[in-house]
Amino acid sequence: MDVNREHFRGMIYYDFRRGISAQECIDQHNSTFGDDTPHRATAFRWFKEFNRGVGWVKADTKAIQAIHDRVITHNKRISVSHSDRTMWNLHIKGVQQEDEGVYMCQINTDPMKWQTGMLSIVVPPDFISEDTSSDVMVREGGQVKLTCRARGVPPPRVSWRREDGKKIVIRKPSAGSALSQKSHVTTVADYQGEELNLSKVSRNEMGVYLCIASNGVPPAVSKRIFINVHFSPVIHVPNQLVGAPLSTDVVLECFVEASPKSINYWVKDNAMIISSVQHDVQIIVKSQFEVRMVLTIRNLHKSDVGTYKCVAKNSLGDVDSSIRLYEISGPAKTQTAARPSFYDEEDEPVYGSAEMDKMENRPLSVDNTINGHLGYPSVGTPVPTMRIGKKRPTISMGSNADHRPASSLLIIVLMLIAVCQRCQ
């Protein structure tokens, strides 16, 4: 039966008159569960015959609801009203699922006049807790199956998305790739379906996934499910060789990835380093599984030179990586050479691998990543590196100038000897 619909605050009214006069019409309703819904029968033409009574019947059960002004059913949520005996209403308070069905209004004329209307109950979505997943933990490289089931009328549609806005990674085995274990990888912002299957889960897929159920009846509902990906600690060291002059400040750093969170600390000569006047130890959180370990050594002394280790431990394993700090020649703080006019008081040299805004994108010569669960792989030794926060002008010292004539004379003598040998 073709109908026209108008939507008002969750209730849909159907006009199904189909050419029938307004005097014979019952409104058809699509009512939300729990609403108070009136059914109306209008009668103008038979006003003089109303002494014979207007009756309401639930057609599918043949249960009489009301006759004229009197309610027959024992359902206390049912009532009737009329307006000047031209508009008769059947009221259903707190609509329940069992109230759905066909209702008939009849006028006891000869022949009897009657019309039917359908009351459809719509129910907002709700999750079935026993069939819906909760937070899960998975080892990196494993599989996860998330399930989200909801009920409602009409049946809800279920979709998935990540709370952080990142895309969901879907991996499916490629055809004929059983031996190679290759997968067809796609990324989607929203995934439709009650079940979400994730395979070969990586640490980057860790986070909150939202299950959203909607059926057009407000409100839609959502559930947060956290996927916690566990893996052994991994350490990446940007610079494994750091040189700095004495009496300067040096910064060493390591990047650690671990889940669950690891215990991180620095060691030198088998002794743990803690924050003090000379040492500043910081742990900077970069993401839910990555931290930056920073060790600042103030006023470098001879005794500070040596090998430092950054160590990370969690319940799945432990790992450490070494950084060798060595002395290089440089101007001492006691020197009093005049500074050029463009020298900035704040342009103090900082040695080591401290991250500077202007040098954030420096290239790395080797990959110094150390994986806890893979043991200690052979690591190539990079060329010793030295990071200087800001350039400063070179200051010429008198002692160096005294040796320049002698070195120039020596070069001339060597060139003459080489020419003589060619002539012979």
Side-chain angles (χ1 to χ4, degrees), residues 10 122-175 177 181-234 236 255-264 283-292 312 314-317 369 371-373:
V122 293
V123 182
D126 187 24
F127 290 114
I128 305 174
S129 57
E130 58 269 22
D131 294 333
T132 298
S133 301
S134 55
D135 295 348
V136 296
M137 185 278 291
V138 61
R139 287 292 296 267
E140 189 170 36
Q143 297 183 349
V144 173
K145 178 181 178 180
L146 301 181
T147 303
C148 201
R149 304 199 190 280
R151 53 178 165 240
V153 180
R157 298 178 303 276
V158 177
S159 62
W160 299 84
R161 67 180 60 173
R162 293 187 61 168
E163 188 177 57
D164 56 12
K166 297 180 181 178
K167 291 188 175 182
I168 299 175
V169 181
I170 305 296
R171 299 179 181 88
K172 294 183 179 180
S174 300
S177 62
Q181 297 296 320
K182 292 183 178 179
S183 299
H184 177 66
V185 181
T186 58
T187 58
V188 294
D190 294 275
Y191 182 82
Q192 303 293 325
E194 292 184 338
E195 294 182 355
L196 176 62
N197 292 290
L198 304 175
S199 59
K200 298 180 182 179
V201 178
S202 71
R203 65 195 66 181
N204 293 320
E205 295 171 71
M206 183 188 308
V208 174
Y209 288 70
L210 296 177
C211 165
I212 303 170
S214 61
N215 64 352
V217 182
V221 291
S222 64
K223 179 177 174 63
R224 301 173 77 253
I225 301 176
F226 181 72
I227 298 181
N228 193 358
V229 182
H230 283 190
F231 56 93
S232 302
V234 177
H236 173 71
F255 291 89
V256 179
E257 295 182 4
S259 179
K261 292 182 179 180
S262 57
I263 299 174
N264 309 304
I283 302 294
I284 302 172
V285 177
K286 298 183 68 68
S287 71
Q288 56 189 341
F289 59 83
E290 182 182 12
V291 298
R292 175 179 170 228
N314 70 3
S315 58
L316 301 180
T369 301
N371 298 277
H373 59 290

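Only heavy atoms go into these numbers, but all of them, side chains included; no hydrogens, no water, no symmetry mates.
- Listed by first and then second residue, the salt bridge (charged side-chain N to carboxylate O under 4.0 Å, His left out) pairs that reach into residues 222-234 are Glu163-Arg224, sequence neighbours excluded.
- Smallest separation of non-hydrogen atoms from Asn215 and Pro154: ND2-O, 2.9 Å.
- For the side chain to side chain contact (heavy atoms under 4.5 Å, CB included) test, residues two or more places apart in sequence or in another chain that qualify with Arg161 are Asp190, Leu210, Ile212.
- Under 3.5 Å, the side chains of Ser262 and Asn264 contain a donor-acceptor pair of N or O atoms.
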*When you look at Arg203 and Val234, which way does the side chain to side chain contact (heavy atoms under 4.5 Å, CB included) test go after all the steps?*
CA-CA 12 Å; Arg203 65 195 66 181; Val234 177; 4.0 Å; yes
*asked:* Under the criterion side chain to side chain contact (heavy atoms under 4.5 Å, CB included), I'd like the reasoning laid out for Ser183 against Lys172: C-alpha separation, chi angles, the key distance, then a yes or no.
replied: CA-CA 5 Å; Ser183 299; Lys172 294 183 179 180; over 6 Å; no
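- Ile284 CD1: more than 12 foreign heavy atoms inside a 6.0 Å radius.
- Classified by interplanar angle (parallel below 30°, tilted 30° to 60°, perpendicular above 60°), the ring pair Phe231/Phe289 is perpendicular.
- Counting only distance, with no hydrogens or angles, the side chain of Asp131 and the backbone of Thr147 share no donor-acceptor pair below 3.5 Å.
- Heavy-atom minimum distance, Ser199 versus Arg171: O-NH1, 2.9 Å.
- Here Arg149 pairs with Glu194, Glu195 under the salt bridge (Lys or Arg N to Asp or Glu O under 4.0 Å) rule; sequence neighbours left out.
- Minimum interatomic distance between Ala220 and Pro125 (heavy atoms only, all atoms of both residues): CA-CG, 4.3 Å.
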*Give the C-alpha distance, both sets of side-chain angles, the deciding distance and a yes or no for side chain to side chain contact (heavy atoms under 4.5 Å, CB included) between Ile283 and Val256.*
CA-CA 10 Å; Ile283 302 294; Val256 179; over 6 Å; no
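- Contact between Val169 and Val185 at its shortest, heavy atoms only, is CG1-CG1, 3.7 Å.
- Contact record, Arg162 with Met206: NH2-O, 3.1 Å, taken as the closest heavy-atom pair.
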*After noting the C-alpha distance and the side-chain angles of Asn228 and Asp135, does the key distance pass the side chain to side chain contact (heavy atoms under 4.5 Å, CB included) rule?*
CA-CA 8 Å; Asn228 193 358; Asp135 295 348; over 6 Å; no
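- The shortest heavy-atom contact between Asn314 and Ala258 is ND2-CB, 4.0 Å.
- Taking 4.5 Å as the limit, every side-chain heavy atom of Val188 sits out of range of all side-chain heavy atoms of Trp160.
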